[in-house]
Student: 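Can you read through this structure? Questions will come right after.
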Amino acid sequence: MANNYYTGERAEIKIDGKTYELPIVVGSEGEKAIDIRTLRDQTAYLAFDNGYANVGSCVSKITYIDGERGILSYRGYGIADLAENCTFVEVAYLLTHGSLPTREELSEFSGMLNRFAMIHEDMIRFFDGYPPNSPPMAILSSMVNSLCSFYPEMTANPREDIDEMSARLISKVRTIAAFSYKNSIGHPVVYPRHDLSYCANFLNMMFDSPVKPYEINHKVVSALNKLLILHGDHEQNCSTSTVRMVGSARVNLYASVSAGISALWGPLHGGANQAVMNMLEEIHAGGGDFRRYVEKAKDPKDSFRLSGFGHRVYKTHDPRSWIIKQTCDEVLADLKSPDPLLSIAKELEEAVLKDDYFVERNLYPNVDFYSGIIYRAIGIPTSMFTVMFALGRLPGWIAHWKEMWDESDGRISRPRQIYIGPLSRPFVPIDQR
Ligand code: CMC
């Protein structure tokens with residue numbers, strides 16, 4: 001990667017009476033950073049920032065976010081344009097290849113997705129080994145890691161044949177997710193079909209059955225495309241940073257993505273969509289009064305947080321949440337299935353946006369707030385919501401893994417720490433402790 005983001009400007013830092021200079025870098029949209037890579041060598045000091053809120057861990061050409069203005073773009077294209085005009089497969093290509101596909105490129109990519117859609121029959125038997133009610137994210141993460149065993153040629157030379165490996169992963173993750181669901185309800189798996197688009201295929205694998213064929217609803221397919229596109233990438237979030245960090249040890253794509261899936265599982269990250277739904281269901285069961293939840297979230301002595309609100313980067317509306325809210329209204333109207341949880345969610349949002357606690361802390365609805373209501377209307381169980389997030393985020397993880405792998409000055413990710421534990425304790429034999 002050409003280092004044209006160095007401006008020649010330098011920041012001065014004064015420590016222990018001495019002044020040191022550090023280079024300044026500027027990104028495409030003018031965001032500035034101080035390159036502190038020589039800080040420790042020059043000064044013997046470390047930079048300390050738990051949670052990494054002030055640290056740029058890499059330079060990247062994939063996704064841009066302006067958290068103050070609520071802007072998100074993939075490879076330079078605005079998220080609203082992509083969600084309105086593209087299929088998920090086109091956006092997956094954009095993220096993983098860097099440009100929108102031509103018709104020929106799209107047809108070749110879609111052909112690969114079809115070719116790789118099956119999983120090895122031996123893998124299907126794995127599902128039987130999980131206890132009933134196993135968390136779908138645990139299954140997804142371990143099944144993706146298992147792909148290393150079935151495609152060892154891909155792991156011997158991890159960067160070679162990356163296009164094939166990405167298509168294989170994007171296609172198989174969808175099959176694994178649907179098979180895992182079918183297995184969890186004790187139904188036979190439904191195999192992928194070459195005549196269906198990516199999202200229609202997924203829905204068919206989820207909901208078709210030998211006794212009742214699934215009828216593809218194009219509005220639902222379009223909503224799913226939108227949801228997956230909106231989740232496609234979000235720069236250095238926890239799971240993506242995990243994929244890059246694990247990959248920096250030069251581990252293959254499958255193992256790196258498997259680690260990313262585990263990170264996404266957490267309720268502060270992708271698991272929030274499931275937590276939102278559980279919260280809305282509880283509120284509904286309790287008669288619809290959400291005030292207790294708002295008060296709990298504001299109580300400094302209570303660790304409870306209002307799921308679906310707040311974001312590390314956005315200090316205004318998450319641009320994805322508008323689109324999801326609108327899609328939610330459209331899908332529910334089209335399916336003629338009004339959901340009382342949507343009314344509760346809207347009332348809760350209205351109350352929160354007027355509440356000083358949330359206003360002062362810039363806490364707005366995020367991508368996870370309304371997405372679950374759409375998934376619920378489509379028939380996807382709450383326990384699978386975070387799996388849906390993973391399906392969408394996969395092209396982003398792949399794009400970051402590739403970018404990380406290709407960095408000319410890439411090094412293994414290895415943060416330091418400030419040790420504050422005891423020093424030089426004399427050893428005490430076990431029977432004298
Ligand atoms: N409910 C109540 N208070 C909140 C919330 C919330 N959802 N989010 C942040 N705060 C408060 C927090 O208590 C703190 O207050 P104070 O200054 O009085 O200590 C202040 O706002 C700043 O919070 P923070 O913890 O420093 O913010 P963060 O950037 O570390 O955390 C977050 C970001 C997304 C983890 C957090 O907002 C949160 O826990 N939200 C709920 C979970 C959620 O919806 N996660 C999905 C995020 S978007 C998709 C994704 O990443 O997967």
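Throughout, numbering of the chain's residues begins at 1 and tracks the sequence. Read the numbers this way: they start at 1 and go in the same order the structure lists the ligands and their atoms.
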Student: Counting only non-hydrogen atoms of the protein, does one fall under 4.0 Å from atom 1 (N) of ligand 1?
Tutor: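 So atom 1 (N) of ligand 1 has protein heavy-atom neighbours under 4.0 Å.
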Student: How far is atom 28 (P) of ligand 1 from its nearest protein heavy atom, and which residue and atom is that?
Tutor: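 Ranking protein heavy atoms by distance from atom 28 (P) of ligand 1, first comes Arg312 NE, 3.7 Å.
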Student: Show which atoms of ligand 1 fall inside a sub-4.0 Å distance from at least one heavy-atom site of Ala297.
Tutor: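 What qualifies from ligand 1 is 2 (C).
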Student: How close does the nearest protein non-hydrogen atom get to atom 20 (C) of ligand 1, and which residue and atom is it?
Tutor: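 The answer is Arg361 CD, 3.8 Å.
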Student: In Å, rounded to the nearest 0.5 Å, how long is the span from OH of Tyr254 to SG of Cys148?
Tutor: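 Nearest 0.5 Å value for the OH-SG distance: 7.5 Å.
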Student: Geometry only, no angles: is Leu264 polar-contacting ligand 1 at N/O separations under 3.5 Å?
Tutor: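 No, Leu264 has no N/O under 3.5 Å of an N/O on ligand 1.
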Student: Given Phe389, Tyr364, Phe309, Phe358, which one has a non-hydrogen atom that is nearest to atom 40 (N) of ligand 1?
Tutor: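 The option holding the nearest heavy atom is Phe309.
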Student: From Thr7 OG1 over to Ile24 CD1, what is the distance, rounded to the nearest 0.5 angstrom?
Tutor: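 Those atoms lie 6.0 Å apart.
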Student: Within less than 4.0 angstrom of ligand 1, does Tyr357 place any heavy atom?
Tutor: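 Yes.
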Student: List the closest protein heavy-atom neighbour of atom 34 (C) of ligand 1: residue, atom name, distance to the nearest 0.1 Å.
Tutor: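 Closest protein heavy atom to atom 34 (C) of ligand 1: Gly310 O, 3.7 Å.
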Student: Quick one: look up the protein heavy atom nearest atom 42 (C) of ligand 1 and list residue, atom name and how far away it is.
Tutor: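 For atom 42 (C) of ligand 1, the nearest protein heavy atom comes out as Pro267 O, 3.9 Å.
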Student: Out of Lys298, Arg320, His269, indicate the one that has the non-hydrogen atom closest to atom 52 (O) of ligand 1.
Tutor: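 Selected option, by shortest heavy-atom distance: His269.
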Student: Sub-3.5 Å donor-acceptor pair from the side chain of Asp49 to the main-chain atoms of Asn54, do we have one?
Tutor: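 Side chain of Asp49 to backbone of Asn54: a pair is present.
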Student: How far is atom 45 (N) of ligand 1 from its nearest protein heavy atom, and which residue and atom is that?
Tutor: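 The closest heavy atom on the protein side is Leu268 O, 3.0 Å.
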Student: Whether the side chain of Glu295 engages the backbone of Arg292 through a donor-acceptor N/O pair (distance < 3.5 Å, no angle test) should be reported.
Tutor: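 No; zero donor-acceptor contacts below 3.5 Å.
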Student: Near Gly270, which atoms of ligand 1 are under 4.0 Å from a heavy atom of that residue?
Tutor: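 Contacts of ligand 1 toward Gly270, numbered from 1: 52 (O).
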Student: Does Asn273 reach the main-chain N or O of Gly372 with its side chain, forming a donor-acceptor pair under 3.5 Å?
Tutor: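 No, because the side chain of Asn273 does not come within donor-acceptor range (under 3.5 Å) of the backbone of Gly372.
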Student: Would you please indicate if the ring centroids of Trp401 and Trp397 are separated by under 6.0 Å?
Tutor: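 Between Trp397 and Trp401, which both carry aromatic rings, the centre distance is not below 6.0 Å.
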Student: Considering all protein heavy atoms, does one lie under 4.0 Å from atom 22 (C) of ligand 1?
Tutor: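 No, no protein heavy atom sits under 4.0 Å from atom 22 (C) of ligand 1.
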Student: I'd like to check which ligand 1 atoms, numbered from 1 as shown, lie under 4.0 Å from a non-hydrogen atom of Ala272.
Tutor: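 Answer for ligand 1: 43 (C), 44 (O), 45 (N), 46 (C).
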Student: Would a 4.0 Å cut-off, counted as strictly less than, catch a protein heavy atom around atom 7 (N) of ligand 1?
Tutor: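 When distances to the protein are checked, atom 7 (N) of ligand 1 has a heavy atom within 4.0 Å.
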Student: Fit a plane to each ring of Phe207 and Tyr181, take the angle between them on a 0 to 90° scale, and name the class: parallel (under 30°), tilted (30 to 60°) or perpendicular (over 60°).
Tutor: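 Taking Tyr181 first and then Phe207, their aromatic rings stand perpendicular (interplane angle over 60°).
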Student: Among Arg305, Lys296, His311, Arg393, which residue places a heavy atom closest to atom 39 (O) of ligand 1?
Tutor: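 The option holding the nearest heavy atom is Arg305.
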Student: Between Thr96 and Lys402, what is the shortest heavy-atom contact and its length?
Tutor: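 The pair with the smallest heavy-atom distance is O-NZ, 2.6 Å.
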Student: Do the side chain of His269 and the main chain of Ser239 share a donor and acceptor less than 3.5 angstrom apart?
Tutor: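 Yes, because the side chain of His269 sits within donor-acceptor range (under 3.5 Å) of the backbone of Ser239.
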Student: Under a 4.0 angstrom heavy-atom cut-off, which atoms of ligand 1 come close to Gly308?
Tutor: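 Within the 4.0 Å cut-off of Gly308, ligand 1 contributes 43 (C), 44 (O).
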Student: Of the choices Asp318, Thr386, Asp368, Leu363, which has the non-hydrogen atom that lies closest to atom 4 (C) of ligand 1?
Tutor: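 Going through Asp318, Thr386, Asp368, Leu363 one by one, Leu363 has the nearest heavy atom to atom 4 (C) of ligand 1.
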Student: Give yes if a backbone or side-chain nitrogen or oxygen of Phe304 is under 3.5 Å from a nitrogen or oxygen of ligand 1, and no if not.
Tutor: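 So ligand 1 has no N or O lying under 3.5 Å from an N or O of Phe304.
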Student: So does Arg193 pair up with Asp208, basic N to acidic O under 4.0 Å?
Tutor: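 No salt bridge links Arg193 with Asp208.
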Student: Look at the rings of Phe109 and Tyr93 and say which category their plane angle falls in: under 30° parallel, 30 to 60° tilted, over 60° perpendicular.
Tutor: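 Because their plane-to-plane angle is over 60°, the rings of Phe109 and Tyr93 count as perpendicular.
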Student: Take the angle between the ring planes of His234 and Tyr314 and call it parallel below 30°, perpendicular above 60°, tilted in between.
Tutor: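 Tilted, since the angle between the ring planes falls between 30° and 60°.
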Student: Heavy atom to atom 47 (C) of ligand 1, shortest distance: which of Asn237, Asn366, Asn362, Val367 holds it?
Tutor: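 Minimum heavy-atom distance to atom 47 (C) of ligand 1 goes to Asn366.
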